[in-house]
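See below for the structure under consideration.
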Protein chains: 4
Amino acid sequence: MSERTSSEEKRQLILDAAVRVFARKGYHECRVGDIAEEAGVAYGLLYHYFSSKEEVLETIFRDTWTMMLGAVSGIEGSGEPAPEQLRKVAAVVLRSWKRTPDLIGVLVREITRSPHLQDETKEIGEAFAALERIVSRGQEVGTFRADLEPRLCSIIFYGALEELLTGWVLGQLPDEDEDVERAIRTVATVVCGGLMVADAGRDGDGVPGKAEKEGFEPSKEVVTPLTP
Amino acid sequence: MSERTSSEEKRQLILDAAVRVFARKGYHECRVGDIAEEAGVAYGLLYHYFSSKEEVLETIFRDTWTMMLGAVSGIEGSGEPAPEQLRKVAAVVLRSWKRTPDLIGVLVREITRSPHLQDETKEIGEAFAALERIVSRGQEVGTFRADLEPRLCSIIFYGALEELLTGWVLGQLPDEDEDVERAIRTVATVVCGGLMVADAGRDGDGVPGKAEKEGFEPSKEVVTPLTP
Amino acid sequence: MSERTSSEEKRQLILDAAVRVFARKGYHECRVGDIAEEAGVAYGLLYHYFSSKEEVLETIFRDTWTMMLGAVSGIEGSGEPAPEQLRKVAAVVLRSWKRTPDLIGVLVREITRSPHLQDETKEIGEAFAALERIVSRGQEVGTFRADLEPRLCSIIFYGALEELLTGWVLGQLPDEDEDVERAIRTVATVVCGGLMVADAGRDGDGVPGKAEKEGFEPSKEVVTPLTP
Amino acid sequence: MSERTSSEEKRQLILDAAVRVFARKGYHECRVGDIAEEAGVAYGLLYHYFSSKEEVLETIFRDTWTMMLGAVSGIEGSGEPAPEQLRKVAAVVLRSWKRTPDLIGVLVREITRSPHLQDETKEIGEAFAALERIVSRGQEVGTFRADLEPRLCSIIFYGALEELLTGWVLGQLPDEDEDVERAIRTVATVVCGGLMVADAGRDGDGVPGKAEKEGFEPSKEVVTPLTP
DNA sequence: CATGAATGAGGGTTCATTCAT
DNA sequence: AATGAATGAACCCTCATTCAT
């Protein structure tokens, strides 16, 4: 109780500081001292908790993707229709921009750093696998057309999300709350619309159908948020 | 003929070598000496043609995006229907993986690295603008539904393409010729399908419709390939 | 009895651990943490008993040279003939390799490292002085030729011992018990033989003469062993 | 001709500077910058010629031992009597103190640095082997007593030389020219005296016998000096 | 006594860039 | 145009030492 910051808290303190610094200057452009300074700890303490600067970044990646995986898994297990599930994934992912812009900035900017992806592939791969299963089940129940590879569809869907985040990160896209909501609707509409069989529930206004209009999103509290 | 390598050829020699080295080790992980060695020239000669290591990367970016912009512009001006145009953009972009995997690898891995995007934004921005106009025109002629922002749609579309390329670059996705063609069809089907108005030309199988079956792609020679 | 480890024992525990670690990795190459780990104590406890890492090494040096000095002094005061005294010194020094190889390894490897010799010079110097006196007395009683400087002789003698130890430490010389005994005989024979006046006791078989054959070494228990 | 310092000369410049700095402060206590400063070159240039600070020391060791080996080999092949050969080795080794005190200081102080001896063992080992052969031949022709192991004798002999050098390096021993010459005589007398058969050439004054008095050392110019 | 988190100066090394040849 | 030796600032990391608990 009286302990101000436990060991684990100190570790998180450093991670949070690293996210801010990486977001501000980029991984390669920042020095280890910047992170320590931002965290308000001594230079070498970082090396008590992490074996290298790179491990700090890897930890950020892993932690985030683990959360992401948890969120997607939760949605996947909800039993809702596939289009609604994709919509929720889009909502979780895209809303995280406003929640934790620094973290998203780091992920977007450094996502393809070679060494990480090799290792992080597990978490990322599982997240993609979950998306893939959502698409597959949509196909099985006849909601989605069956002539497309679920794998490719999950990639298309996730790529769309990532590019939207990139637009916000780079300041090339307006990101007011309503802009974010519109982006969620648009990506859900386009991708789900393209995935759904031609006449399934199509009444002329696109995928999410009436649900959208009926206040389709009570799940906000249910879904694990993407961030700490 | 007797001239071994002209100045301009030497410059390109270095650029090509840089692409291979960046693809192999990444921009930050490679040394200027690696590029020179790969090009078979001396250490300092690189500085006759480029003012810095970074300018080499920027040149690769600019050249490629200029080509990309040219290709997209060409497609945009073809007068074909919007879905067909998007399809061709997808074809040009995705087929470039097999043509020039190293170059794509560099673009995918380094694409969001901070300092570059500031400058490259112009070319990239114009490419996005062209995609946006394609979507807009599809909306104007009633092919695409009008209730979606063209900007967001272009982002979704391009994000899908980039994520597919990423899958190939990272070796997480099969990339035989038929896989590439399937990816082209899939992204065109999904995105165009999601963009099109519910009953416009829908005959139950999605966007590319009959066109696909009628040998829809004589454009291979027409379209400027994405690479040198 | 019930006391697990007294303060003094803990101190010695750390010293013993340090000897093992220094022998294994060398003084400069090992970390303070290595010593603590080897001793099974916590990081900072070392600083309760020693003021620095260097003091640990100095303590090892001083303790050992104090013992060495004690052994040599004991031999010097035995009243035996000079050749026999040198022989016993050789025996004490060289046999210590098998007794405490780690300690000898540390002494051999770190012996001339700069800062230590300044301080240790006192003990080392006294040991050399004792050797010198042994030689001098041999000269006074006519056993050793008088035309050689005792100081140089003591250096030659000790250098021979140290180089033999070095050969064992570096694994370049066989070190079975009989090899050690042969080394003792050889160094005594060569050095004493060279020191002795041409015809003094020379009966054709070398220095230690009959003494050697008569079981010349009952001193094993008498002489203070070189090690704790 | 007009070239002030060739590449090889620059390399040697750095080595010479390193010897001076190592002699002054010791290997561990000096910084790479000290070497560069002493050599009058830039910090990083050292890394053009050597891969690390340690390689600089190793090069000094190897070069010197190669010279030592050459000198000993030359003496070994001279066909002179074994005692005279040992005497010349002593002369070459001990006189090197006055010629190149810094170099000797480095060798004496750092000789047992673990990693080096593993590698340098080849040159050092060959030098010992040459000494061993000198002793063996002395035994074969009946000059040296045959009941001693040549290997041990070579170690005893070299240890004596090294300890004398150590005495000078540490300033514990007078090192005027006459002191050096006396040390040469003493070590030759003692070791050769101990090695020789009791009455072989013994006329009461030890080994070098008359030869010494007859101007026994015209070899000064003949023998390869130990230093560059 | 004992612990180990915290400190931070200092080290070796790298490497983009320059420049004399 | 071409070379590669020379430069030196910058960086990551180590690790002896301290100190609050």
Side-chain angles (χ1 to χ4, degrees), chain A residues 2-7 10-11 14 28-37 39-56, chain B residues 4-7 10-11 28-37 40-56, chain C residues 4-7 10-11 28-37 40-56, chain D residues 2-7 10-11 14 28-37 39-56:
Chain A
S2 64
E3 195 175 25
R4 195 61 54 85
T5 47
S6 75
S7 182
K10 191 65 74 84
R11 188 186 140 97
I14 292 171
H28 273 104
E29 283 65 34
C30 89
R31 355 223 150 289
V32 173
D34 295 336
I35 302 171
E37 191 184 10
V41 301
Y43 205 104
L45 188 58
L46 193 142
Y47 289 90
H48 267 278
Y49 294 101
F50 306 95
S51 66
S52 69
K53 180 187 172 190
E54 188 159 17
E55 209 207 40
V56 175
Chain B
R4 201 60 56 84
T5 46
S6 76
S7 180
K10 189 68 73 87
R11 188 186 141 96
H28 273 102
E29 281 66 32
C30 90
R31 320 287 147 230
V32 172
D34 295 336
I35 303 172
E37 190 184 11
V41 301
Y43 218 102
L45 187 58
L46 193 141
Y47 288 89
H48 274 274
Y49 295 101
F50 305 95
S51 67
S52 70
K53 179 188 171 189
E54 188 159 16
E55 209 209 37
V56 175
Chain C
R4 200 60 56 85
T5 46
S6 76
S7 181
K10 190 70 73 87
R11 189 187 139 96
H28 273 102
E29 282 64 33
C30 90
R31 317 291 147 228
V32 173
D34 296 335
I35 302 173
E37 191 185 9
V41 301
Y43 218 100
L45 187 58
L46 193 142
Y47 288 89
H48 274 273
Y49 295 101
F50 306 94
S51 68
S52 70
K53 180 189 170 188
E54 187 159 16
E55 209 207 37
V56 175
Chain D
S2 65
E3 197 176 21
R4 197 58 56 83
T5 48
S6 73
S7 182
K10 192 63 77 80
R11 188 186 140 98
I14 293 171
H28 274 104
E29 283 64 33
C30 89
R31 355 221 153 288
V32 173
D34 295 335
I35 302 172
E37 191 183 10
V41 301
Y43 208 105
L45 187 58
L46 194 142
Y47 289 90
H48 267 277
Y49 295 101
F50 306 96
S51 66
S52 69
K53 180 188 173 189
E54 187 158 17
E55 209 207 39
V56 174

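Below, each value reflects all heavy atoms present in this structure, side chains not excepted, and no hydrogens, waters or symmetry copies. In what follows, chains carry the letters A, B, and so on, assigned in the order in which the sequence lines appear, proteins first and then strands, with residues in each chain numbered from 1.
Rounded to an integer number of Å, the gap from CD of D:Glu54 to P of E:dG11 is 17 Å. The interatomic distance linking D:His28 (NE2) with F:dT14 (C1') rounds to 13 Å, in whole Å. The separation between D:Asp34 atom CG and E:dT13 atom P is 14 Å, rounded to whole Å. Regarding C:Lys53, its NZ atom lies at a distance of 15 Å from the P atom of F:dT18, rounded to whole Å. In this structure, A:Glu55 atom CD and F:dT14 atom P are separated by 12 Å, rounded to whole Å. Atom-to-atom, CD1 of B:Ile35 to P of F:dA2 comes out at 17 Å; the value is rounded to the nearest Å. A:Ile14 has its CD1 atom 12 Å from the P atom of E:dA5, to the nearest Å. Between the CD atom of B:Glu29 and the C1' atom of F:dC12 there is a distance of 14 Å, rounded to whole Å.
Each of C:Val32 and B:Leu46 has a nearest nucleotide on DNA chain F; the 5'-most of these lies closest to B:Leu46. Map B:Tyr43 and D:Tyr43 each onto its nearest nucleotide of DNA chain E; the residue landing nearer the 5' end is D:Tyr43. Of the residues near DNA chain F, C:Arg31 and D:Val41, the one whose nearest nucleotide (by heavy atom distance) lies more toward the 5' end is D:Val41. Between B:Cys30 and C:Gly40, the one whose closest nucleotide on DNA chain E sits nearer the 5' end is C:Gly40.
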Using atom types as modelled, flag every donor-acceptor pair under 3.5 Å from a side chain in residues 41-52 of chain B to any protein atom, sequence neighbours excluded.
unit_1	atom_1	unit_2	atom_2	d
B:Ser52	OG	B:Glu54	N	3.3
B:Ser52	OG	B:Glu55	N	3.1

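For the pair D:Lys10 and F:dA6, the criterion of a side-chain N or O lying under 4.0 Å from OP1 or OP2 is met.
For C:Glu29 against D:His28, the heavy-atom pair with the smallest separation is OE2-NE2, 3.6 Å.
Within 4.0 Å of C:Phe50, counting heavy atoms only, lies no atom of the nucleic acid at all.
When each of F:dA2, F:dA5, E:dA6 is scored by its nearest atom to the side-chain atoms of D:Leu45, the top-ranked nucleotide is F:dA5.
With the 3.5 Å cutoff on both pairing distances, Watson-Crick and G-U pairs in DNA chain E assemble into runs of at least 3 at E:2-21 with F:2-21.
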Give every pair of a protein N or O atom and an N or O atom of nucleotides 19-21 of chain F that lie under 3.5 Å apart, one pair per line with the distance.
none

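Side-chain contact between C:Arg31 and C:Asp34 is present, with at least one heavy-atom pair separated by less than 4.5 Å.
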